[in-house]
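Encoded as structure tokens, the structure appears first; notes follow it.
Quick caveat, the model's predicted, so the values are computed rather than measured. So you know, we letter chains A, B, ... as the sequences are listed, proteins then strands, and number each from 1.
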Protein chains: 2
Amino acid sequence: MTSLPEKKPARRRDAEENRARIVAAAREVYASAGFDAPFDAIARHAGVGRATLYRNFPDRFALGAAIIEDDLAALEAIARKHGDRPDTFMTLLTGMVERHTEAHALVPVLLREPGAPALQALVPRVTRLLTAPLERARAAGLVRADLTLTDVIDVLAMLAAVLADDGSGRSRHGRMARALELLVHGLVPRAAGARVTSRR
Amino acid sequence: MTSLPEKKPARRRDAEENRARIVAAAREVYASAGFDAPFDAIARHAGVGRATLYRNFPDRFALGAAIIEDDLAALEAIARKHGDRPDTFMTLLTGMVERHTEAHALVPVLLREPGAPALQALVPRVTRLLTAPLERARAAGLVRADLTLTDVIDVLAMLAAVLADDGSGRSRHGRMARALELLVHGLVPRAAGARVTSRR
DNA sequence: GCCCAAGTGGACACTACTGTCCGTTTCGGT
DNA sequence: ACCGAAACGGACAGTAGTGTCCACTTGGGC
């Protein structure tokens, strides 16, 4: 069903270029103005008309999906390259922080969008990317034994939360790195017996 | 300057009631529809006209500030009650999770809003609430020695991030508690030497 | 019980964004 | 170089939210 070679009607070169420019522009605009940024602003920033944008991406979710797909591909490449090593999981986590995080931060934000069919299609791919590395990291004792995939999604959401500019002048990268550090090692000292006494 | 007793022009009873109803409604609407929820929806949910809402709160930030002020007062009471105990800091953190978190979650979200004069006025109050307990917790070794106030604000933002409904059916409370647990104890096992090798 | 100031909420004009339509331009095969 | 198809982008009408105005209602001092 996916192997029909005669399915390509041959895209025009300029159309392909425009598509790429739009995705790049969307990256920047989403990063600076948030995911709710006016569609129009993205078109203007990309130097195309709004109609062109709509022709390529029916709605903002499709556009978000395109961005995420790029990043997902990059992360999958990292995972492939690192193979079965038990620290692949941590590498993926830090990889998201390392290579500037606006777009990756969309992953958790968008995955929990209810009415976004284009995005739900990506969920299994994210699952596939993370499941095996997480399992191996757990087996090797690099992460706590009770850490689930759901936890990881939430962790990504938490990391995304510190992306918003707080006017403190600290770079996004610096804040992300610090947040990851806090998350990985926890708020309490390693040796301390402090615990969360949420109910007696 | 604040001690003029003749400054009260005597509010009317029904006006006071409406104001309270609006704040309560805003709590629910913000929680379920997010901080960007239409002002109109809040008015309708409170059973008042939009003009009444605007008369009480010139913009959504003033309304947000009113909500936060309530919660802040509650947390200040907790802090006062716990006095100098070194675990007051953790109690404040868990307190936010315990007593349903929609509104408290606004704290970090709103504190980093750039154009929100009504909110910036609350910053020193938040600072005052947290500084001493944090210091005492650090001194007692209950939290890591390098934990700063800025970190704590980011932690609050991170906790807020898991409030968004993810459709998983897990309760907000449950997710918050889990997120706090992860944050407090970290992703790596207590004994493990795993570290974030973000740059070699 | 009366009256006026305080308070109310529906109506209105305004703005920002959305999504589509259509006349014009550009690509690429011949 | 020519031509048809593909792609473009400005223009347009529709919609949702905002903030204000004003004729009407209500509380509370007298």
Counting only pairs under 3.5 Å, give me each side-chain donor-acceptor contact of residues 121-143 of chain A, with atom names and distances, residues two or more places apart or in other chains.
from     : atom 1 : to       : atom 2 : distance (Å)
A:Arg125 : NE     : A:Glu76  : OE2    : 2.8
A:Arg125 : NH1    : A:Glu69  : OE2    : 3.4
A:Arg125 : NH2    : A:Glu76  : OE1    : 3.2
A:Thr127 : OG1    : A:Val123 : O      : 2.9
A:Thr131 : OG1    : A:Thr127 : O      : 2.5
A:Glu135 : OE1    : A:Arg138 : NH2    : 2.3
A:Arg136 : NH1    : A:Gly83  : O      : 3.4
A:Arg138 : NH1    : A:Leu147 : O      : 2.7

Kindly list each side-chain donor-acceptor pair under 3.5 angstrom involving residues 37-52 of chain A, sequence neighbours excluded, with atom names and distances?
from    : atom 1 : to      : atom 2 : distance (Å)
A:Asp40 : OD1    : A:Arg50 : NH1    : 3.0
A:His45 : NE2    : A:Glu28 : OE1    : 3.4

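Look at CZ on A:Arg19: it is 17 Å from C1' on D:dC8, rounded to the nearest Å. Rounded to an integer number of Å, the gap from CZ of A:Arg11 to P of C:dG28 is 12 Å. Taking atom CG of B:Asp40 as the reference point, atom C1' of D:dT20 lies 14 Å away to the nearest angstrom. When rounded to the nearest whole Å, the span between CZ of B:Arg44 and C1' of C:dG9 equals 13 Å. Atom pair B:Asp36:CG and C:dA16:P shows a separation of 17 Å (rounding to whole Å applied). Across the protein-nucleic acid pair, A:Leu63 atom CG and C:dG19 atom C1' stand 15 Å apart, rounded to whole Å.
In this structure A:Thr148 satisfies the side chain to side chain donor-acceptor pair (under 3.5 Å) test together with A:Asp151, sequence neighbours excluded. In this structure B:Arg55 satisfies the side chain to side chain donor-acceptor pair (under 3.5 Å) test with no other residue, sequence neighbours excluded. Considering only residues two or more places apart in sequence or on other chains, A:Asn18 meets the side chain to side chain donor-acceptor pair (under 3.5 Å) condition with A:Arg21.
Of all the residues in residues 46-57 of chain A, A:Gly47, A:Val48, A:Gly49, A:Arg50, A:Ala51, A:Thr52, A:Arg55 reach under 4.0 Å from DNA chain D with at least one non-hydrogen atom.
For B:Asp87 (side chain) and B:Met90 (main-chain N/O), no donor-acceptor pair under 3.5 Å exists by modelled atom type.
For A:Asn18, a side-chain nitrogen or oxygen approaches OP1 or OP2 of D:dC8 to under 4.0 Å. B:Arg60 has a side-chain polar atom (N or O) that falls below the 4.0 Å cut-off from OP1 or OP2 of D:dT18.
If you find the closest nucleotide of DNA chain C to A:Pro58 and to A:Arg13, the one lying nearer the 5' end belongs to A:Pro58. Residue order along DNA chain D, read from the 5' end via each residue's closest nucleotide, puts A:Ala15 first among A:Ala15 and B:Asp14.
Side-chain atoms of A:Arg12 stay outside donor-acceptor range of the base of D:dA7, with no qualifying N/O pair under 3.5 Å.
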